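Remember, it's 1-based here, ligands and their atoms both numbered in the order they're listed. Since this is a predicted model, take the numbers as computed values, not measurements.
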Amino acid sequence: MGKKILQPPKGTRDYYPELMAKLRWIFDTWRNVSIQHGFVEYDGPIFESLELFRIKSGDEIASQLFHFEDRAGRELAIRPEITPTLARMVAQKANSLPRPIKWFSIPRLSRAERPQRGRLREFFQWNIDIVGSDSVLADAECMFVAIDFLRRIGLTSDIIELQVNSRTIISSLLVDANITPDRHEHIFAIMDKYEKLSDRQFDEYAKQQGLSADELSAVKDILTLKDIDAVSSLTKSQESKEELDKLHQLRDYLHAFGIEDYFVYKPSVVRGLAYYTGIVFEIFDKSTKLRAIAGGGRYDHLIKLFGGPDMPATGFGMGDVVLLELLEELDKIPADITRSGLKFFVIDADKQFFNLALKITSELRKKGISADYSSKRQSLGKQLKSANQAGAKFAIIVGQETADENLITIKNLQTSQQQQIKTDEFIAKADEIE
Ligand code: HAM
């Protein structure tokens, strides 16, 4: 019996080249879309002081931290999200940063969650954030970036929806139901579980979390509001009326951006993290079999809380895990992304030409063109097989038929078309060959 093969840690993935090619396609598209919408890239350390994630992210995420002590006894944690880092970075340099602050990042994150469909213990998350604007246009812009990306990869409004709500409105409805603001953060965390549990499970959970029967009934009345009009008819406070106007304005902006058909009002979207203050949103696939594809919203006080100036902020995070699951399920991953990107595979028809094959490979690489060769001296047929396995677009065969050093054969491995060409001429125009 051989030794037992060690397994990767619970909830993590090994990024074999096939998975990596898919991720690379997603990351490149995330990055291109970000840049096209005027965002600039930033990043922070993958671990932070533990305290950073305890200030205002809420109990749930704090309970999912991977944390450790360094040798000097400092308490550190691997980042479960990047928003606190962004807030810390902006707070530190708020006055010298060029405005508007439109930042994006693609951090690798870790949460000690119970692994389940769409949720792992290590994942990547695209972040888009606008800092310094309290206008609802900034919220609309972030939503637009998310939707623009999703539709670009084929996830149109018949497949996904943008579920929007406002914590300000829900807070005022809770106050109207005689639930005082000091309870709201706790109640938001409970409401966040509504769609993830069955009705009975939710009631149980709410009771366990200390909600009275009256509070539960008030919360459920809010959670089952059908649309913005239903909210309008209930809303009493001035603040809440103004926030409703913002939701209408948001819709107008989404309309102008051409993405209004993704919008739905959803009272149960309150978000699990504690720092959100106003408009919040999540993106789901309509079958709702999967967890949220993305989530975000306004967090107007976080930067001040981290010692910076009073700067409103809004943004979202979109993970790679649910996205990949959905794309696989709908067969929307382009077939050619797993191709290696190798252009030429140089083959010697006879081993006397091997040094020439190496020379050609080296000339191609020197010109910045991808090229590889078989390290074993094998038959032409075997080398052609290796060329195909390596995913090369063309095989370059040295010394075939004529045994002439100055003549090579270019074989297109997709169409099998062949042509002969002088070696020097080939090297000179290798980058033009398509
Ligand atoms: P979040 O809702 O915790 O928000 O995460 C956002 C997205 O990250 C989720 O919708 C999901 O796609 C992905 N995600 C979260 N946890 C996991 C997991 N365990 N496995 C796989 N994917 C996961 C935030 O993190 C906020 N910081 C987002 C934000 C940025 N808000 C404002 N700016």
Requested in this report: Examine ligand 1 and decide if any of its atoms is less than 4.0 Å from a heavy atom belonging to Y275.
Outcome: yes

Query raised in the report: What part of D129, side chain from CB on, backbone N/CA/C/O, both or neither, has a heavy atom under 4.0 Å from ligand 1?
Result: side chain

Requested in this report: Output yes when a side-chain donor or acceptor of N412 lies under 3.5 Å from a complementary backbone atom of Q417, and no otherwise.
Outcome: no

Report task. May I ask you to check whether I61 has an N/O atom sitting below 3.5 Å from an N/O atom of ligand 1? Result -> no

Query raised in the report: For the residue pair W30 and F124, is the inter-centroid distance of their aromatic rings smaller than 6.0 Å?
Result: no

Query raised in the report: What part of A294, side chain, backbone, both or neither, has a heavy atom within less than 4.0 angstrom of ligand 1?
Result: backbone

Query raised in the report: To which of M318, Q125, R111, R121 does the heavy atom nearest atom 3 (O) of ligand 1 belong?
Result: R111

Query raised in the report: Heavy atom under 4.0 Å from ligand 1: found in T314's side chain, backbone, both, or neither?
Result: neither

Report task. Verify the ring-centre separation between F27 and W126: is it less than 6.0 angstrom? Result -> no

Requested in this report: Record the part of F316 in heavy-atom contact with ligand 1 below 4.0 Å; permitted values are side chain, backbone, both and neither.
Outcome: backbone

Query raised in the report: When you measure from atom 9 (C) of ligand 1 to every protein heavy atom, which one gives the shortest distance, and what is it?
Result: R119 NH2, 3.9 Å

Query raised in the report: Would you call R271 a ligand 1 contact, heavy-atom distance under 4.0 Å?
Result: yes

Query raised in the report: Does P80 reach ligand 1, in the sense of a heavy atom lying below 4.0 Å from it?
Result: no

Query raised in the report: Quick one: does V322 get a heavy atom under 4.0 Å from ligand 1?
Result: no

